Number of protein chains: 2
Amino acid sequence: MAVSVRDVAALAGVSLGTVSNVLNRPDKVAPATVERVQSAIASLGFVRNDSARQLRAGRSSTVGLIVLDGGNPFFTDVARGAEDAAMRKGLAVLVGNSDESVDREHTYVDLFEERRVAGLLISPAGDDLTRLGRLRDQGTAVVLVDRRSDDDHFASVSVDDVAGGSIAVSHLAAIGRRRIAFVGGPFGIRQVTDRHAGAVAAARSAGVELEVLPTTSLSVLEGRRIGEEIQARPASERPDAVFAANDLLAVGLEQAFIMRGTIRVPEEIAIVGYDDIAFAEVAVVPLTSVRQPAQDLGRRAIELLLAQVEEGQGVETLHVEFTPELVVRQSTVAEH
Amino acid sequence: MAVSVRDVAALAGVSLGTVSNVLNRPDKVAPATVERVQSAIASLGFVRNDSARQLRAGRSSTVGLIVLDGGNPFFTDVARGAEDAAMRKGLAVLVGNSDESVDREHTYVDLFEERRVAGLLISPAGDDLTRLGRLRDQGTAVVLVDRRSDDDHFASVSVDDVAGGSIAVSHLAAIGRRRIAFVGGPFGIRQVTDRHAGAVAAARSAGVELEVLPTTSLSVLEGRRIGEEIQARPASERPDAVFAANDLLAVGLEQAFIMRGTIRVPEEIAIVGYDDIAFAEVAVVPLTSVRQPAQDLGRRAIELLLAQVEEGQGVETLHVEFTPELVVRQSTVAEH
DNA sequence: CTGTTAGCGCGTTCAC
DNA sequence: GTGAACGCGCTAACAG
């Protein structure tokens, strides 16, 4: 059943080492021999045993990726980017979903450690990075995803949420809006505070008003609630634009405005969301949104990982921060 | 750097074999010894090398899962169910995304084969199952996910789409609708034809009319297009209910009906979707939908896999077919 | 360019 | 209960 290099060597009439050379350094073997060995491999259906390779090599050709939420499109895109980049380098990606649970995260870290992964890409669930520090000290490359380490001890890839907030509000100011509302919360979430900070800075430099309408979560329902609230105001006291901390909120706002038919989007109130989820494009009024380059994040994370693996310990810890991009649709600029 | 069982044995003052016993059969070792060995493991930070274990065991404790679309919530749920079930059995799941590409699928199959996975869960991208047949013949357990093999040669888990279609239309008939439209396409997709077949059967047995409104894809935009079409008809010629082949179409229909404000949902037209995506619940009128037990699918797939692994080749190929479930919301039954 | 040999780290015999 | 010896399949190093 199990066919090994030995069987291949026997059938091809060469020695073990030659088969190994054909597999790993074909250029060092006479073409005719390569041919013979390869046809032996084919006729036997030989498949390399990766465990044996790894055992020998001491390191696997697998990298681990632990995400906070497997169902979140942001993370599936990150995973996709990482997978593609890794595959090009001959690496496989093992994806684990911590579901924001520190326990589940630990389970995966243990698993990956037993598997001797070449490196670990992780969006940590908690604030305690000591476990990862130990891992890294033992020689496993670690790259933080969507999060910078406070003490600069880990390489990381992230997206500049402050810039994202700024881009959104600058766009609204550029199309002539003067009374902007930031809708989002809770402010305990870093992304929310960062996006808000960017919004504040852009509003100030553009000389426009910015009020804050806090939410208890980043959901469609909360968006709808705030939408109703805005609508209940006299028209003169309404903002002329809303920047929502994510697309779910934005969709909820839009639903509230349009359903009632009382507020026209974008004529009376323009809306900008964040994340550019699939539904942003097919909303009743297609939603202008800030897009995070999630796939690029995954790709760069793999590159940083490889740099660490290749350069060894001595490499300086690198931080790559992406700038998000604005996707303009009809919720801010009506079609002509 | 690399600490092995040998180091642990040395520190604990016991032999290699004893450490192995502590790790795998602690009950066969004196409690005091177990204690000593375990504290040696802890102080050395010893982590088992899985490659070595696998090499010895001949089989890995990893199972592969290849999905058609990593971004599709259905498959992320399947993956989640499989992961959870596998983790309980001490297995890890390696997830690959074929993206409907036969090439990518092959790459993953090869990868998994080299890793000597204990088994493979797969939603095949093409119709050619011979590659999987060879795998299975070589002793790797294979379970088809969301697809039955035509020749009964593989174990499989799937969801009964015919039953799903039937459930949807039966519900519409039960709430008094008599002129139902099936919206969906292209009919080359098995899920579409199955759901339609179920709808036809249920309509016949309930004695209600069923017309077909074909679409070119299962998208929001197509749903909206059909919605406009329905709306353009004289009120007397409109259906009083629509069963959409998936939720995206249903959302598009709803958008068309409600935006214009001309057709009330569910009073004039009731809508049932399929898949119960996250947006179904937060649609303007929350959407009644047919939910597929995706996580259960993943869980059962792992169980079938384990049955094959444990029982060996001789086990009869099992087919598990789940029946989907109707989630009733306001798009068919207005709130009181 | 080819063949031979010695482990990689672990789990499993056996004898003790 | 314990310990020593062997081999899983492969690769790297060296000798031919």
Side-chain angles (χ1 to χ4, degrees), chain A residues 1-38 40-41 44-62 90 111 113-118 138-140, chain B residues 1-38 40-41 44-62 90 111 113-118 138-140:
Chain A
M1 190 75 73
V3 23
S4 81
V5 277
R6 229 180 303 276
D7 306 313
V8 175
L11 181 64
V14 298
S15 87
L16 254 174
T18 304
V19 177
S20 171
N21 278 333
V22 171
L23 256 28
N24 305 306
R25 285 168 299 280
D27 44 305
K28 299 212 142 203
V29 181
T33 314
V34 172
E35 190 66 28
R36 272 223 317 292
V37 171
Q38 273 172 345
I41 287 178
L44 254 33
F46 166 77
V47 176
R48 246 185 347 210
N49 184 325
D50 195 64
S51 309
R53 295 191 79 191
Q54 289 185 194
L55 178 55
R56 197 75 243 285
R59 271 231 152 280
S60 97
S61 59
T62 303
L111 203 77
E113 204 175 352
E114 288 191 1
R115 297 248 188 311
R116 297 294 189 272
V117 292
Q138 282 169 15
T140 304
Chain B
M1 189 77 71
V3 24
S4 82
V5 278
R6 227 181 305 275
D7 306 312
V8 174
L11 182 64
V14 299
S15 87
L16 257 172
T18 304
V19 176
S20 170
N21 278 333
V22 170
L23 255 28
N24 306 307
R25 285 169 300 280
D27 45 304
K28 298 211 143 205
V29 180
T33 314
V34 172
E35 189 66 29
R36 273 224 315 293
V37 171
Q38 275 173 343
I41 289 178
L44 254 32
F46 166 78
V47 176
R48 253 190 336 215
N49 184 326
D50 195 63
S51 311
R53 297 191 77 195
Q54 288 184 195
L55 179 55
R56 195 70 188 76
R59 252 206 179 295
S60 97
S61 58
T62 302
L111 203 78
E113 203 176 352
E114 288 191 2
R115 296 244 189 313
R116 298 292 189 273
V117 293
Q138 282 169 16
T140 304

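Numbered from 1 within each chain, the chains take letters A, B, ... in sequence-line order. Worth saying up front: this structure is predicted, and the values here are computed from it rather than measured.
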Side-chain N,O (A:Arg53) to OP1/OP2 (D:dT11) below 4.0 Å: yes
Touch class at under 4.0 angstrom, heavy-atom based, for A:Ser4 against every strand present: sugar-phosphate
Within residues 26-33 of chain A: residues closer than 4.0 Å to DNA chain C (heavy atoms): A:Val29, A:Ala30, A:Thr33
Polar pairs (N or O, both sides) under 3.5 Å between protein and nucleotides 4-7 of chain D?
residue: D:dG7; atom: N2; partner: B:Arg56; partner atom: NE; Å: 2.7

Span of DNA chain C in contact with chain B (heavy atoms, under 4.0 Å): C:dG9 to C:dT12
Heavy atoms of A:Ala12 and A:Ala40 approach each other most closely as CB-CB, 4.0 Å
So, B:Arg115 versus A:Thr62: side-chain donor-acceptor pair below 3.5 Å or not? yes
Here the distance between atom C1' of D:dC10 and atom CG of A:Asn21, to the nearest Å, is 12 Å
For the helix from C:dC1-D:dG16 to C:dC16-D:dG1, what is the angle between the axes at its two ends, each from 5 pairs, rounded to 10°? 40°
Does a side-chain N or O of A:Asn24 approach OP1 or OP2 of D:dT11 to a distance below 4.0 Å, or not? yes
Using every non-hydrogen atom in the two residues, find where B:Arg116 and A:Val47 come nearest and quote the distance to one decimal. NH2-O, 2.6 Å
Just verifying a value: how many Å separate B:Ser15 OG and B:Asn21 CG, rounded to the nearest 0.5 Å? 8.5 Å
Rounded to the Å, how far apart are B:Arg116 CZ and D:dG9 C1'? 9 Å
Closest non-hydrogen atom pair between B:Gly139 and B:Arg59, with its separation: O-NH2, 3.3 Å
Could you tell me which residues satisfy side-chain contact (heavy atoms from CB on, under 4.5 Å) with A:Thr33, sequence neighbours excluded, listed by chain and number? A:Val14, A:Thr18, A:Val29, A:Ala30, A:Val37
Is the closest side-chain heavy-atom distance between B:Ser20 and B:Leu23 below 4.5 Å? no
Rounded distance [0.5 Å steps], OG in A:Ser51 versus CG in B:Asp50: 7.5 Å
When rounded to whole Å, the CG to P distance for the pair A:Leu55 and D:dG9 reads 12 Å
So how far is it from B:Leu16 CG to B:Arg6 CZ, rounded to the nearest 0.5 Å? 5.5 Å
Can you see which heavy atom on A:Ile41 is nearest to which on A:Val8, and at what distance? CG1-CG1, 3.7 Å
Looking only at heavy atoms, what is the nearest atom pair of A:Gly45 and A:Val3, with distance? O-CG1, 4.2 Å
Once side-chain contact (heavy atoms from CB on, under 4.5 Å) is applied, do any residues pair with A:Asp27, and if so which ones, sequence neighbours excluded? A:Arg25
Indicate, with a heavy-atom threshold strictly under 4.0 Å, whether A:Arg25 touches base, sugar-phosphate, or nothing. sugar-phosphate
Indicate the atoms forming the closest heavy-atom contact of A:Leu55 with B:Ala52, along with that distance. CD1-CB, 3.9 Å
